[in-house]
Amino acid sequence: MSHWQGIEYDYSGAHVLVTGATSGIGTAIAAAYRSAGAQVTVTGTRGSAAEYEVDLTGMRYLQLDLTDRARVAAVAAALPRLDILVNNAGGNFMLQNEYDPEVFEKGLQVNLGSVLRLTQACRAQLAASTFAAGASVIGLASLTSFFGLEVVPAYGAAKAGLVQLVKTLSIALAKERIRVNAVAPGVTASRMTAQMLRVPAMTNPVLARTPLGRVGQPDDVAGVVLFLTSGAAKFMTGQTLIVDGGYSVVG
């Protein structure tokens, strides 16, 4: 079972898909479900799980490029059963200049369009779920859902759109007993933030504004995801929970 200071989650019998689970937050989420007894499928962009350094033991691996619509459909088709879909995969294209219209559109497709596409593709499996807590879809939002960050206009617009999409999907899917929620992490240690966290001039202002005085760890986010898909949150849908150590509440 997965443990967070005395809290135990039992996901025995649950079938879970975590996209982009080959690093950082995605790996932590997938590992937490695995520890809690779930049957976990993960996706990554490489040909096989063996091409990654992270521990994906006991998980099924499927290749997925979010810009490839056929692969999105193929991943959904490869899942005869599904109780929980965690739309974790995404990324920014800062180095390709997100102000370029083509790059901007790719950012929207990867971080927003693919969430709708994969959720719709998995809808029948989720609707057929018999998991006691009910089926769930989780989105990974961001502080850029709420704050402007000049260098990532596409990523920010997509993540803001994701918060709204979660609200809309929660209404549309409620009739099928599918709950839809999201988590918005603050600055969290991961491959995407590693370069930033090595530069004190970039990290120190974040720490100074964060009441809890540290950056997030992947497990901080994973714990909230497991809560949202558990029976403890069975009356929660359409919500985005901010997990940022208090950064967003400081004036």
Determine the minimum heavy-atom distance between [X] and [Y], stating which atoms define it.
X	Y	value
Pro80	Ala78	CD-O, 3.3 Å
Pro185	Ala141	CD-O, 3.3 Å
Pro153	Glu150	CD-O, 3.6 Å
Ser190	Gly24	CB-CA, 4.2 Å
Pro211	Gly245	CD-O, 3.3 Å
Asn181	Gly238	OD1-N, 3.2 Å

Taking the side chain as everything from C-beta on, heavy atoms only, tell me whether [X] gets closer than 4.5 Å to [Y].
X	Y	result
Tyr11	Asp83	no
Phe147	Ser248	yes
Thr22	Val42	no
Tyr155	Asn111	yes
Arg71	Leu66	no
Phe146	Thr240	yes
Asp244	Thr210	no
Leu56	Val40	no

Q. Out of Asn87, Leu118, Val86, Leu169, which residue meets the side chain to side chain contact (heavy atoms under 4.5 Å, CB included) rule with Val137?
A. Asn87
Q. Can you name the one residue among Val115, Val180, Ile138 that meets side chain to side chain contact (heavy atoms under 4.5 Å, CB included) with Val166?
A. Val180
Q: Indicate whether any N or O donor in one side chain lies under 3.5 Å from an N or O acceptor in the other, for Lys167 and Gln239.
A: no
Q | Any donor-acceptor N or O pair under 3.5 Å, side chains Thr41, Tyr61 | A | no
Q: Might you work through the side chain to side chain contact (heavy atoms under 4.5 Å, CB included) test for Val187 and Met196, ending with a clear yes or no?
A: CA-CA 10 Å; Val187 176; Met196 169 197 168; 4.1 Å; yes
As an exercise, state the distance from [atom1] of [X] to [atom2] of [Y], rounded to the nearest 0.5 Å.
X	Y	atom1	atom2	result
Leu126	Ile178	CG	CD1	5.0 Å
Leu241	Met236	CG	CE	4.5 Å
His15	Leu85	NE2	CG	14.5 Å
Ser230	Ile7	OG	CD1	9.5 Å
Thr188	Leu197	OG1	CG	9.0 Å
Ser145	Gln164	OG	CD	11.5 Å

(Q) With a 3.5 Å distance limit and no angle check, can you tell me whether Glu98 reaches the backbone of Ala154 through a side-chain donor-acceptor pair? (A) yes
Q) Okay, side chain of Glu51, backbone of Ser48: is any donor-acceptor separation there less than 3.5 Å? A) yes
Transitive ILVMFWY side-chain link [X] to [Y], under 4.5 Å:
X	Y	result
Leu162	Val225	no
Met202	Val250	no
Ile25	Met59	yes
Ile242	Val224	no
Val110	Leu116	yes

(Q) Does Arg177, at its CZ atom, have more than 12 non-hydrogen atoms belonging to other residues, nucleotides or ligands within less than 6.0 Å? (A) no
Q. Is the ring centre of Phe227 less than 6.0 Å from the ring centre of Tyr9?
A. no
Q. Does the side chain to side chain contact (heavy atoms under 4.5 Å, CB included) test come out yes or no for Gln125 and Arg81, once each step is laid out?
A. CA-CA 6 Å; Gln125 294 97 311; Arg81 287 186 58 192; over 6 Å; no
Q: May I have the step-by-step check of side chain to side chain contact (heavy atoms under 4.5 Å, CB included) for Asn97 and Val103, ending in yes or no?
A: CA-CA 7 Å; Asn97 182 16; Val103 179; 5.6 Å; no
Q. What's the verdict on side chain to side chain contact (heavy atoms under 4.5 Å, CB included) for Gln63 and Arg46, showing C-alpha distance, side-chain angles and the deciding distance?
A. CA-CA 6 Å; Gln63 187 176 20; Arg46 300 177 188 173; 5.7 Å; no
Q.
Strictly below 4.0 Å, N to O, side chains only: are Arg214 and Asp220 in salt-bridge contact?
A. yes
Q) So, are Lys106 and Asp100 salt-bridged, with charged N and O less than 4.0 Å apart? A) no
